[in-house]
Amino acid sequence: MPEDRQIFPNLTVRQNLELGLKRAGTFGRWTFDDMFTLFPNLDERQHNLASVLSGGEQQMLTMCRTLMGDPDLVIIDEPTEGLAPKLIEQVATLLDEISRRGIAILLVEQKLTIALQISRRLYIMGHGRVVFEGTPVDFAADNAVRRQWLEV
């Protein structure tokens with residue numbers, strides 16, 4: 001998933017989504033209806049040019065366009081960065097749905113609650129190296145790692 005919201009500003013929201021399809025008119029696990037259900041703002045603006053979307057809406061569009069290609073793995077770097085709390089909730093819901101549909105996610109995220117919500121396996125990095133590797137349950141039990149690397 002592009003980190004910097006690489007939308008096509010002179011195309012409509014719907015046209016941006018169509019560009020994500022592997023083959024024109026061919027849907028995989030995701031449809032327009034799925035995207036518009038998960039992000040009602042995109043439904044309301046599907047015929048608008050992408051250039052008029054807010055930054056958060058552009059982030060939603062980028063994520064949805066990626067999913068329209070029916071990937072087996074999604075690599076996402078800081079999907080909630082700079083988003084309003086309501087949009088953060090929608091992104092968390094989307095990440096849950098991606099996982100529920102059997103798509104692997106490699107997520108780089110500083111918001112621990114979101115990472116813990118969808119993760120089956122965690123890697124905590126500090127000073128350029130992995131300082132913890134394990135399940136969310138393992139992480140919850142490791143007070144030393146949480147204290148040293150994540151708590152202020």
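Just so it is clear, the model here is predicted, and its values are computed rather than measured.
- When every heavy atom of Val131 is checked against every heavy atom of Val145, the shortest pair comes out as O-CG2, 4.2 Å.
- Put simply, the side chain of Ser54 gets close to the backbone of Glu57: a donor and an acceptor are under 3.5 Å apart.
- Atoms CG and CH2, from Asp70 and Trp30 in turn, are 9.5 Å apart once rounded to the nearest 0.5 Å.
- Side-chain atoms of Leu95 and Ile98, non-hydrogen and from C-beta on, do get closer than 4.5 Å to each other.
- Side-chain atoms of Met125 and Arg129, non-hydrogen and from C-beta on, never get closer than 4.5 Å to each other.
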Test side-chain contact (heavy atoms from CB on, under 4.5 Å) on Val74 and Leu106 and set out the steps. CA-CA 6 Å; Val74 179; Leu106 175 58; over 6 Å; no
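- The line from CG of Leu42 to CZ of Arg14 is 12.0 Å long, rounded to the nearest 0.5 Å.
- Following chains of ILVMFWY side-chain contacts shorter than 4.5 Å, one can reach Leu21 starting from Phe36, so the two form part of one hydrophobic cluster.
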- Item | Step-by-step salt bridge (charged side-chain N to carboxylate O under 4.0 Å, His left out) determination, Glu89 to Lys86 | CA-CA 5 Å; Glu89 289 176 28; Lys86 183 177 180 179; over 6 Å; no
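- Partner Phe139 forms a ring pair (Phe, Tyr, Trp, His ring centres under 6.0 Å) with one of Trp149, Tyr123, Phe132 and no other, that one being Phe132.
- Residue-environment remark: CD1 (Ile75) stays at or below the threshold of 12 foreign heavy atoms within 6.0 Å.
- Grouping the Ile, Leu, Val, Met, Phe, Trp and Tyr side chains by contacts below 4.5 angstrom, directly or via other members, places Leu49 apart from Val13.
- A donor-acceptor pair under 3.5 Å is absent between the side-chain atoms of Gln58 and the main chain of Gly55, judged by distance alone.
- Counting heavy atoms from C-beta outward, Glu133 and Leu122 have side chains that stay 4.5 Å or more apart.
- Contact check for Gln90 versus Pro40: side-chain heavy atoms found under the 4.5 Å cut-off.
- Met60 and Leu11 fall into different hydrophobic clusters, where Ile, Leu, Val, Met, Phe, Trp and Tyr residues are linked whenever their side-chain heavy atoms come under 4.5 Å apart, directly or through other members.
- Looking at heavy atoms from C-beta onward, Met1 lies out of side-chain contact with Pro79 at the 4.5 angstrom threshold.
- Side-chain contact, Thr80 with Glu109: a donor N or O sits under 3.5 Å from an acceptor N or O.
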Yes or no on side-chain contact (heavy atoms from CB on, under 4.5 Å) for Val91 and Leu83, after CA distance, side-chain angles and deciding distance?
CA-CA 9 Å; Val91 168; Leu83 296 182; 3.7 Å; yes
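- Hydrophobic clustering of Ile, Leu, Val, Met, Phe, Trp and Tyr side chains at less than 4.5 Å, counting indirect connections, keeps Ile88 apart from Leu112.
- For Ser99 against Ile105, the heavy-atom pair with the smallest separation is N-CD1, 4.0 Å.
- Counting only distance, with no hydrogens or angles, the side chain of Arg65 and the backbone of Leu19 share no donor-acceptor pair below 3.5 Å.
- Neither side chain, Thr37 nor Asp34, offers a donor N or O lying under 3.5 Å from an acceptor on the other.
- Within the model, atoms OG1 of Thr62 and CG of Leu17 stand 10.0 Å from one another, a figure rounded to the nearest 0.5 Å.
- Heavy atoms from other residues, nucleotides or ligands lying under 6.0 Å from CZ of Arg120 number 12 at most.
- The structure places CZ of Phe39 at 15.0 Å from CD of Gln46, a figure rounded to the nearest 0.5 Å.
- Here the side chains of Leu107 and Ile118 are in contact, with some heavy-atom distance below 4.5 Å.
- Taking hydrophobic clusters as Ile, Leu, Val, Met, Phe, Trp and Tyr residues chained together by side-chain heavy-atom distances below 4.5 Å, Leu94 does not share a cluster with Leu116.
- How far CZ of Arg101 is from CG of Asp96: 12.5 Å, rounded to the nearest 0.5 Å.
- We find the CZ-CG distance between Arg45 and Leu53 to be 6.5 Å, quoted to the nearest 0.5 Å.
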Evaluate the side-chain hydrogen bond (donor to acceptor under 3.5 Å, both in side chains) criterion for residues Asp138 and Thr135: first the C-alpha distance (whole Å), next the side-chain angles of each, then the deciding distance (0.1 Å), finally the verdict. CA-CA 5 Å; Asp138 296 337; Thr135 67; 3.2 Å; yes
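- In terms of heavy-atom proximity, Pro136 sits nearest to Ser119 at CG-O, 3.3 Å.
- Annotation: side chain of Arg29 is in contact with side chain of Ile103 (closest heavy-atom distance under 4.5 Å).
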